[in-house]
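See structure below.
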Amino acid sequence: MELVVASGIGLLFAAGTYLLLRGRTFTVVIGLTMLAYGVNALLFAMGRLHTDMPPVLSLDLPAYADPLPQALVLTAIVIAFGMTAFVVVLILRSFLEVGSDHVDGSEPVDPGSPRSYPDGSPRPPIKSASRGAAGGRS
Amino acid sequence: MQLALIVLLPFVGAVLPALMIRAGRNACATATFTVTLTAFLILLAHGPRVFAGEVVQYRLEWLPSLGLDVNFFLDGYGFLFAGLILFIGLLIITYARFYLAKEDPMGRFMAFLLLFQGAMVGIVLSDNILLLLIFWELTSLTSFLLIGYWSHLPAGRQGARMALIVTGSGGLSLIAGMLLLGHIAGSYDISVIITRAEVIQASPYYIPALLLVLGGCFTKSAQFPFHFWLPHAMAAPTPVSAYLHSATMVKAGIFLLGRLWPALSGTDAWFYIVATTGLATMVIGAWIALFKDDLKGLLAHSTVSHLGLVTFLFGIGTPFAALAGVFHIINHATFKAALFMNAGIIDHEAGTRDIKRLGGLVHLMPISATMAFVAALSMAGIPPLNGFLSKEFMLEAASETAWFGLGFDPTVAIIATIGAVFSVAYSLRYIIHVYLGPKRKDYPAKPHDPPFGMWAPPAVLVVLVVLIGLFPNTVAGPLLATSAGAVIGAELPYYSLSLWHGFTPALFMSIFAVVAGYFLLTRHADAITLRERFWRPEAKALFDTSVEAVVGWARTGTWALQNGSLQRYLAALTGMALLGGFATYLAAPGAPGTEPMLPVPALALVGWLLLAASCAAIVLLHRQRLFTLVLVGVIGVIVSLGFLYLSAPDLALTQISVEVVTIILLLLALNFLPKSTPVESPLPMKVRDGVIAGLAGIGVTGVVYAVLTREFSSISEFHLANAYEGGGGTNVVNVILVDFRGIDTYGEIIVLGIAAICIVALLDTVMQGASGRRIANWEVDMKRSADRHPLLLVVGTRVMLAFALVVGAYIFLRGHNEPGGGFIAGLVVSIALIMQYMASGFAWAQRRAGLDYHNVIGWGVLVAGLTGVGSWLFDYPFLTSWFDYFTLPIVGTFELASAIAFDVGVFLCVVGSVMLALARLSRVGRIAEHLDVPERDMDVDPRDVPDGNVAAEAPSASPAAAK
Amino acid sequence: MTLIAEIVISLLIVAGGFFAFVGSFGLIKLPEIMQRLHAPTKATTLGVGSVLVASMLYFLVIEGIPSIHELVITLFLFLTAPITANFVAKAYIHRRESPKSLPLTNRDAGWATFDPPPDQRTAGEERGTS
Amino acid sequence: MIFYALIFAFAAIGIGLLCNLWRLVQGPTIADRILALDTMVINSIALIILYGVLQGRTVLFEAAILFAMVGFISTVAYCKFVLRGDIIE
Amino acid sequence: MSEAKATADSRSLRQRWLPHPLLTVVLTGFWMLLLNDFSMGGLVVGLALGILIPLYTTSFWPTPPRIKSYPKATAYFFLVLWDIVQANIQVAYWILFWKNEQLKPKFFTVPLDIRVPEGVATLMGTITMTPGTVSSDLSADGKALLVHGIHVPDEAAMILNIKTRYEARLLEIFR
Amino acid sequence: MNHWLVVPVILPALVAGILILALRHDILLQRITSIASTVACLGVGIGLLVQAAGGIVEVYELGNWPAPFGIVFVLDRLSALMLVLIGTLALFVILYAINGWDRRGRHFHALFQFQLMGLNGAFLTGDLFNLFVWFEVLLLASYGLMLHGSGAARLKAGTHYVIINLTGSTLFLVGVALIYGVTGTLNMADLAVKIPAVPVEDQAILQAGGVILLLVFGVKAALVPLHFWLPTTYSATSPPIAALFTIMTKVGAYAIIRFYTLAFGADAGEASWLAGPWLLPLALLTVVVGMVGALACRSLRWLVAFVVVGSIGVILVGVAVFEERAMAGALYYLVHSTLASASLFLLAELIAERRGQDGDSLTLKPMPAQGDLMSGLFFLSAIAVAGLPPLSGFIGKLLILDGVRDSGHAALIWATILITSLLLIVALARAGSLVFWKCRIAEATRESRELAGRSYPVLPIVVVAGLIGSSVALTVFAGPAMTYLEAASDQLFRPTDYIATVLGPQPVLDPEPTLAASPEAAP
Ligand code: NA
Ligand code: NA
């Protein structure tokens with residue numbers, strides 16, 4: 001069971017990370033949601049795995065699952081929820097403002113074409129040799 | 001105290017000219033003059049004690065832990081310098097009063113000048129090398145302001161920046177050097193350091209410390225190869241040049257060489273580095289000066305050369321040479337300041353400083369000419385002027401110096417003589433090419449002698465030049481003896497201050513220099529031709545190019561990293577986390593776990609399969625966004641089931657209810673976002689991200705597996721043991737949340753509240769600007785069905801609402817003892833309300849819900865917070881819970897707990913936040929629809945539609961529309 | 001008594017599993033979505049219902065704890081299943097059907113998925129049926 | 001006897017879940033996927049209840065009722081999105 | 001003004017504090033179901049909720065239907081329950097043992113006579129829960145129902161069955 | 001029971017609650033309340049600082065549960081220092097913000113109070129997970145404040161900021177989880193007790209958790225290569241918020257200082273001084289990237305943003321060697337750089353306002369209005385941030401350089417810090433010379449004449465002057481300040497007091513009550 005759980009959490013992290021690294025805000029938010037699932041499960045797992053011993057005191061249980069990570073995960077879930085709610089509105093707002101849902105706020109352009117640097121100053125035209133270095137966005 | 005006052009006065013006094021300028025230029029200059037004069041008088045008042053060999057001290061603790069204290073001391077050396085600075089300062093102030101044009105802001109000039117003066121005095125009086133550093137850097141800063149005073153001139157700005165950068169970098173080197181030096185010597189006090197030469201020179205850090213200190217001295221004193229900044233600083237107004245480059249700024253480096261001479265000199269390293277640099281600078285500076293057509297350029301390079309001379313003398317390392325150095329400092333200050341002021345006068349009166357456009361001025365400006373002759377001849381080392389005396393000393397020292405340590409080694413002497421030749425040549429050029437020769441007709445202005453105020457200051461200096469030359473012992477003897485004595489720190493060597501020492505080698509070298517120098521000047525044109533043949537590095541161009549190159553690299557490098565791509569940033573972040581995690585995990589000792597594993601039921605494998613397939617699908621098909629959301633729903637269900645199976649019912653409940661609200665939020669947002677993602681990641685990027693993601697998955701799997709298979713004990717045993725008796729609940733998770741770790745929960749609901757008001761704030765401006773335009777022009781990007789509020793849903797949710805609220809209350813009330821609690825209850829109630837909103841539309845439901853969600857959040861934060869504060873009344877800490885069991889007739893025994901009140905706060909925050917967020921988000925949709933959505937519960941109520949096909953009639957006929 | 005109860009409970013559980021399976025199996029077996037919709041909305045719901053009844057009986061008879069709140073879930077499921085089915089059907093109709101491909105309403109108004117309510121129609125709007 | 005019945009039911013529902021998964025991934029329409037998710041949730045409720053019977057514990061009841069609520073509302077929300085785009089008008 | 005207020009007050013005495021006595025009872029019962037354990041304390045809380053919650057929710061249900069006959073409603077409930085069980089077996093059989101080609105799926109229209117929204121909703125629910133049929137859509141004027149049958153050999157019979165077996169009964173239940 | 005300890009957290013929360021509930025429509029009342037709350041927080045902070053100066057660690061057991069089972073707030077010299085620092089900065093910022101900035105969006109003051117709450121909580125808590133909670137509170141509030149007023153650039157930058165920090169939060173939980181998974185505790189003092197006892201076979205997990213947590217704090221602190229969010233964010237947000245955010249990186253630095261001296265300090269056995277080998281190279285890199293970046297920028301705000309990166313590098317260099325004197329220097333520099341960069345951010349805005357359109361871009365424009373005043377303030381601010389005398393930056397750098405001397409990496413550290421200082425001097429000199437000197441050759445435009453004729457409010461200028469003045473004060477009173485900071489550093493490197501105060505006599509766990517405490521035992 002431990003391996004099943006561990007690999008399941010690993011799957012959530014892998015998928016979440018991959019989506020996190022995509023170029024569209026919506027996908028990134030989905031990635032963050034997956035990561036939240038993953039990390040909550042991870043935190044929960046730190047109390048080790050127990051079946052049939054929920055930490056609700058009763059006479060017929062010999063032992064209980066570790067309640068502390070559960071409480072932490074609850075807090076983490078709620079916080080992640082608040083964050084997700086916020087970030088969803090943020091990406092929507094950003095899309096409405098800039099007209100693109102690319103994470104960088106503009107549709108990707110040909111790396112060779114001149115744009116400005118992030119500080120607003122003009123960028124010299126890039127020679128074809130250095131296209132690879134400056135490009136790489138999706 | 002008075003010592004500190006000398007330093008402090010110019011700083012404090014700097015406000016005076018800035019204020020007095022309103023009272024006029026004279027008032028301004030007078031104020032400045034008075035400040036300086038006061039300082040000078042205080043200094044002079046210490047003269048007797050200093051000449052008596054006493055060292056006056058002032059100590060004030062500032063930052064003892066670092067060793068940085070306000071320690072000043074005044075010995076002969078410091079007295080000499082402070083005197084020069086203040087005395088020449090007085091002359092400069094006077095001169096500047098007349099030099100500056102009406103449109104020049106004099107108040108600012110005088111203020112800067114005083115600040116600079118204070119910094120200089122600070123350097124020379126400091127008894128703490130860290131304090132000295134402060135003043136040192138201050139001179140860089142204030143000279144930056146002075147040099148850039150005429151900021152409308154490009155030369156002024158660039159010169160100022162160059163001076164700042166070169167001397168500033170030297171200052172940084174000096175910081176390191178001083179810290180090292182202080183470390184070696186065990187003290188940052190100069191008076192201590194100069195007594196510890198043996199310790200210092202034996203230390204392995206001696207060489208680095210020496211190099212770093214010299215880095216500071218050489219840049220400041222414009223020693224080769226850092227000499228290039230000085231001529232560009234000539235863009236400053238002439239009083240500034242005269243001040244900075246005769247007695248002050250550049251002398252700071254020389255001062256420090258002398259100040260630390262007892263501690264650092266005497267080693268081979270010192271000799272070879274310092275003497276060589278000095279000698280080279282002396283020759284190169286003089287050579288260049290010979291070809292400068294700009295008077296100030298000529299003087300500037302001459303300054304470089306003379307500074308080299310002093311450096312050379314200090315570098316030799318013998319007491320006599322050091323004494324000669326000190327003497328030349330005095331002499332140079334007098335004739336060079338006079339010459340600078342003279343050049344300023346020419347510039348002022350003739351309208352140009354270009355030698356090629358000058359000549360014959362002696363006929364027009366006799367007073368100036370006289371002074372120039374005296375000062376320049378002194379500079380050339382012609383007797384009976386003071387320049388001759390110290391140059392003789394220099395040549396004598398040079399002739400006694402062996403470079404290679406051989407018996408007969410004239411290298412140094414020859415080079416020094418060459419330098420002297422050039423020096424004579426350019427000095428004579430200043431006289432001959434500027435003042436002598438025929439009168440010209442093409443001066444840019446009409447040259448004449450300046451007003452008294454302008455020629456008096458240089459005149460004072462010229463008089464000194466002559467007096468020192470004629471009566472060296474009387475005029476300069478005691479000062480020299482005291483100050484040189486302070487440098488050398490031991491018995492003074494034998495020396496004789498007189499014009500005639502007999503037929504010494506120095507005399508022959510001197511005579512040769514004069515003759516050859518004059519000859520060289522007569523062949524000036526040939527020399528120019530000769531010079532043209534050599535490659536001459538254009539210092540400014542080189543400097544500019546390298547600064548621009550550095551800036552260019554900085555830009556390239558910075559923007560290559562900071563390229564604005566979030567994907568790059570996140571790859572760096574995740575990559576770094578992986579690197580940190582993996583590297584540490586693999587490097588640290590560890591062993592696989594040994595605990596037995598739980599059995600795997602087949603259903604768990606099914607669950608795993610569902611999870612794996614969903615993860616795979618979400619990665620592969622994430623471009624279909626709605627489908628992605630469905631998959632997120634699936635994953636949420638599986639994770640919740642997992643929690644349930646693994647004894648975490650509270651988690652399962654929370655996870656599943658949070659998930660649905662999240663999905664609703666995402667759906668609301670997706671309405672406006674593109675419904676699918678374009679294919680855009682290039683393959684290499686996909687591979688990169690795949691590798692990162694894969695490693696993340698493997699790493700997490702590995703570490704979780706490692707944790708799960710080892711034994712464990714945690715503090716939660718306490719929670720289990722005390723939840724009931726101490727927290728009054730049997731659901732330990734809930735007791736932890738509202739009691740043991742109540743503050744976590746308080747923070748958590750605050751997060752929800754913040755999220756909601758952030759959402760409000762974000763969406764509040766949605767109708768403005770580009771966003772507003774986009775919404776106004778928004779077009780539905782998917783096929784729309786015609787019914788908004790289907791009857792079945794409306795009826796169903798109506799039935800459900802009351803029941804759902806009861807469920808909410810149930811989950812809330814039992815939370816302390818069974819899975820549930822305020823948070824889940826809040827979500828359940830929110831979901832119940834959302835159902836109404838979805839079924840009957842926002843406007844209709846909002847009116848009936850009758851809740852201002854802002855207030856709900858506010859109450860939530862307050863209720864939870866005040867519950868916590870309530871425990872103060874009983875002098876218990878914040879959030880201390882209270883509970884008891886009560887028995888009432890009929891009702892029976894029940895529990896009351898403050899945790900319930902806290903949970904009410906949680907509940908309110910959750911409901912308020914969720915609903916506020918949804919309400920604001922859905923509002924955007926309604927705005928964008930442009931449609932006047934009718935506020936009614938269902939699209940059509942069959943009771944309102946008469947029998948028969950009435951729909952063909954006019955719409956207004958229908959009762960619903962008629963309302 | 002207990003044996004009978006056990007038999008009944010076991011039968012209910014088996015039936016529950018069976019119907020749940022049928023519902024899900026129908027979901028993959030049946031060829032088009034409107035048919036597939038029949039399987040889970042009913043068979044699965046009935047399956048869960050059986051399970052819930054089994055649970056009630058089990059706790060009442062075997063464990064001796066009366067557990068009747070399963071009724072709540074049962075009722076809830078029976079209340080919501082039609083709504084879900086209705087919405088899935090509407091989603092399907094909206095995406096894959098057209099007013100022409102469906103039977104007529106035999107009324108002036110078309111199907112709600114395509115036609116706005118009678119009082120909201122604008123003049124030139126296309127009718128689902130006529 | 002009940003135990004074996006439970007085993008049967010678990011197996012049946014387990015296979016059922018895999019069927020749901022198939023439909024979920026296969027589609028072809030979004031309605032299919034939503035339906036698959038909905039069925040999955042209902043099957044999960046059955047699982048939860050059966051697990052409670054297996055354990056002899058009623059503590060999982062709230063989970064079941066929440067699953068039911070949530071399954072319902074998310075299905076409606078997905079469908080409403082397909083239908084109208086705007087789920088709260 | 002004062003008159004209007006007075007009438008409002010006189011009306012509100014019961015209606016304001018107990019707008020739906022039945023709902024109060026049902027909710028209290030529901031609460032007891034949830035508690036799964038009888039205690040006076042539980043009943044007190046349940047009653048409190050049963051009174052308070054309708055006060056809040058009543059505005060969400062502006063025109064609740066009247067039930068004409070509770071016995072008929074109860075009978076209807078069991079009828080449907082029986083139909084669900086019975087016909088589910090039928091559908092299970094089709095799914096498991098029939099080839100897909102043997103099924104004759106079909107959309108068909110059921111004209112509605114029932115007007116009360118709750119009645120329409122109940123009918124739609126009934127149709128969906130009884131196997132073989134799913135209520136798929138309502139006409140825009142709410143007076144015709146689109147039903148999908150998984151196996152419809154005889155459309156007319158099916159419509160008739162719906163109208164007589166269910167709708168007729170519902171017309172007697174809802175006013 | 002010293003309830004004052006919890007006031008800096010609770011007061012802003014309650015005030016924010018009231019702001020949302022009752023005052024959200026009245027800007028004047030909002031301002032008064034918000035300022036009053038900020039002043040109160042500062043006052044309480046100062047009181048606590050005075051108390052902490054005595055050297056006694058104080059513990060506040062929230063919920064009356066002892067550590068490590070409940071959450072405790074701990075007041076020591078470092079946390080008191082941070083409270084006062086944030087209080088001071090917040091007061092300056094809010095005084096600046098009431099000049100209209102707070103009206104550009106909703107809920108500015110509520111968010112501001114929540115921001116204070118989160119910061120104060122982070123500085124006070126003695127519990128690792130609770131630290132996470134405060135991080136989230138302060139981050140979410142900062143998201144709101146960062147986006148306050150919206151606008152395309154701000155939204156773009158905000159998206160980056162938020163997403164990166166959300167990723168960071170995920171990692172935070174991973175780190176906390178791994179540490180809990182091995183030690184079974186969350187209280188930092190308890191961790192300090194338990195970590196030395198972690199068996200060798202568990203070290204890999206523990207240390208991986210520790211390093212991941214370090215990187216998380218590194219994200220907040222803008223440690224290279226986790227810094228990318230900062231320049232974008234700070235340059236895009238409104239000036240008062242950028243100024244307030246100068247404390248945000250310090251939260252990361254604080255967490256590193258707190259956690260890695262306490263839990264992974266000298267006594268941590270196998271895992272002692274875990275952070276150093278990772279932190280030092282990255283911190284040096286941060287210094288380089290920050291100062292080089294400052295040189296690269298052609299916009300004043302970007303420049304300052306990179307200065308913030310560089311200065312956090314300097315602080316972390318001082319931290320990374322984990323030596324007492326260097327730490328004291330780092331703390332001094334931390335205080336200095338917070339206030340100095342804040343003044344420069346605000347000043348950049350004042351200058352931009354007086355230069356008109358795109359006022360902070362380093363292109364040739366006419367002299368800004370109030371040119372003399374602005375140039376004077378700029379010169380002083382620049383001196384402060386560049387670490388030139390006589391302001392506090394110089395002393396801070398000296399302290400750090402002096403403190404790292406015996407670390408074995410002195411040459412590298414000195415070279416890096418000194419050379420990059422030069423780059424920064426060049427950058428600031430170029431910028432200042434362009435804006436205030438070269439501008440004289442630019443022809444006056446209609447806009448510039450209009451701007452020159454306008455009158456400007458005094459309060460923002462007073463705020464900037466006040467911030468510069470605080471740098472001066474920090475210089476003048478460097479002696480007393482360092483006495484305190486050295487004591488604070490000493491406290492950090494001898495955590496026994498802290499641990500003993502938090503944990504009290506070592507708790508004895510009685511496993512029996514688990515059953516005894518079951519419901520049947522209840523009345
Ligand atoms: Na709870
Ligand atoms: Na308590």
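All chains are named by letter (A, B, ...) in the order of the sequence lines, taking the proteins before the strands, and each is independently numbered beginning at 1. Note that the coordinates shown come from a computational prediction; the quantities given were computed from them, not determined experimentally.
Using a 4.5 Å heavy-atom cutoff, the side chains of B:Lys686 and A:Tyr18 are in contact. Residues B:Pro674 and A:Phe26 are not in side-chain contact: their nearest non-hydrogen atoms beyond the backbone lie 4.5 Å or more apart. Within the 4.5 Å cutoff, no side-chain heavy atoms of B:Thr701 are placed close to those of A:Phe13. Looking at heavy atoms from C-beta onward, A:Val56 lies in side-chain contact with B:Pro819 at the 4.5 angstrom threshold. Using a 4.5 Å heavy-atom threshold, the side chains of A:Ile30 and B:Leu629 count as touching. Considering only heavy atoms from C-beta on, B:Arg623 stays 4.5 Å or farther from A:Arg24 through its side chain. You'll find the side chain of B:Val924 reaches within 4.5 Å of the side chain of A:Leu96, heavy atoms only. With a 4.5 Å cut-off on side-chain heavy atoms, A:Met1 and B:Pro599 do not count as touching.
For the set A:Ile91, A:Leu92, A:Leu68, the entry with the most heavy-atom pairs within less than 4.5 Å of chain B is A:Leu68. No other option in A:Thr33, A:Thr84, A:Val73, A:Val29 has as many heavy-atom pairs under 4.5 Å with chain B as A:Val73. Ranked by heavy-atom pairs under 4.5 Å with chain B, the first of A:Ala45, A:Ala41, A:Gly47, A:Pro54 is A:Pro54. Annotation: maximal heavy-atom pairing with chain B below 4.5 Å, among A:Leu90, A:Asp66, A:Val87, A:Leu42, occurs at A:Asp66.
When the options A:Val28, A:Val103, A:Leu20, A:Leu21 are evaluated for a side-chain contact (heavy atoms from CB on, under 4.5 Å) with B:Gln567, the one that passes is A:Val103.
With rounding to the nearest 0.5 angstrom, the CG atom of B:Leu611 is 8.5 Å from the OG atom of A:Ser7. Between the CG atom in A:Leu19 and the OG1 atom in B:Thr628 there is a gap of 8.0 Å [rounded to 0.5 Å]. A distance of 12.0 Å separates CG of B:Asn734 from CD of A:Gln70, quoted to the nearest 0.5 Å. We find the CG-OG distance between B:Leu762 and A:Ser94 to be 9.5 Å, quoted to the nearest 0.5 Å. Here the CZ-CG distance, from A:Arg48 to B:Leu598, works out to 12.0 Å after rounding to the nearest 0.5 Å. In this structure, CE in A:Met83 is found 9.0 Å from SG in B:Cys758, a value given to the nearest 0.5 Å.
Across B:Trp608 and A:Val4, no two heavy atoms sit closer than the pair CD1-O, 3.3 Å.
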The test is side-chain contact (heavy atoms from CB on, under 4.5 Å); show your working for B:Val732 and A:Tyr64 and say whether it passes. CA-CA 10 Å; B:Val732 187; A:Tyr64 299 99; over 6 Å; no
Side chain to side chain donor-acceptor pair (under 3.5 Å) assessment of A:Thr75 paired with B:Glu748: CA-CA 6 Å; A:Thr75 305; B:Glu748 151 202 327; 3.2 Å; yes
Set out, in order, the CA-CA distance, both residues' side-chain angles and the distance that settles ring-ring contact (aromatic ring centres under 6.0 Å, His included) for B:Phe643 and A:Phe44, then state yes or no. CA-CA 9 Å; B:Phe643 284 144; A:Phe44 165 73; 5.1 Å; yes
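Neither the backbone nor the side chain of B:Asn671 comes within contact range of chain A; no heavy atom of the residue lies under 4.5 Å from a heavy atom of that chain. Interface remark: A:Leu12 contributes backbone and side-chain atoms alike to the contact with chain B (heavy atom separation under 4.5 Å). Only the backbone of A:Val98 comes within contact range of chain B, with heavy atoms under 4.5 Å apart. Neither the backbone nor the side chain of B:Val735 comes within contact range of chain A; no heavy atom of the residue lies under 4.5 Å from a heavy atom of that chain. With a 4.5 angstrom heavy-atom cutoff, B:Thr765 touches chain A via backbone and side-chain atoms both. Looking at B:Arg741, only its side chain comes within 4.5 Å of chain A, counting heavy atoms on both sides. Both the backbone and the side chain of A:Ile79 come within less than 4.5 Å of a heavy atom of chain B. Using a 4.5 Å cut-off between heavy atoms, B:Leu605 contacts chain A through its side chain alone, with no backbone atom that close. Only the side chain of A:Asp101 has a heavy atom closer than 4.5 Å to any heavy atom of chain B. Of the atoms belonging to B:Leu921, it is side-chain heavy atoms, and not backbone ones, that fall under 4.5 Å from chain A. If you measure heavy-atom distances from B:Phe823 to chain A, the contacts under 4.5 Å come from the side chain alone. Looking at B:Val632, both its backbone and its side chain come within 4.5 Å of chain A, counting heavy atoms on both sides. Proximity to chain A involves both the backbone and the side chain of B:Arg710, based on heavy atoms less than 4.5 angstrom apart. In this structure, no portion of B:Pro684 lies under 4.5 Å from any heavy atom of chain A. Residue A:Thr51 touches chain B through both its backbone and its side chain, counting heavy-atom pairs closer than 4.5 Å. In this structure, chain B has heavy atoms under 4.5 Å from both the backbone and the side chain of A:Ile9. B:Ser913 does not touch chain A: none of its heavy atoms, backbone or side chain, sits under 4.5 Å away.
Ring-plane geometry between B:Trp559 and A:Tyr117 is classed as parallel, the angle between the planes falling under 30 degrees on a 0 to 90 degree scale with a further cut at 60.
Side-chain contact annotation: A:Arg22 with B:Thr677, donor-acceptor N/O pair under 3.5 Å absent.
Listed for the B:Thr730 side chain is no donor-acceptor partner under 3.5 Å among the backbone atoms of A:Leu57.
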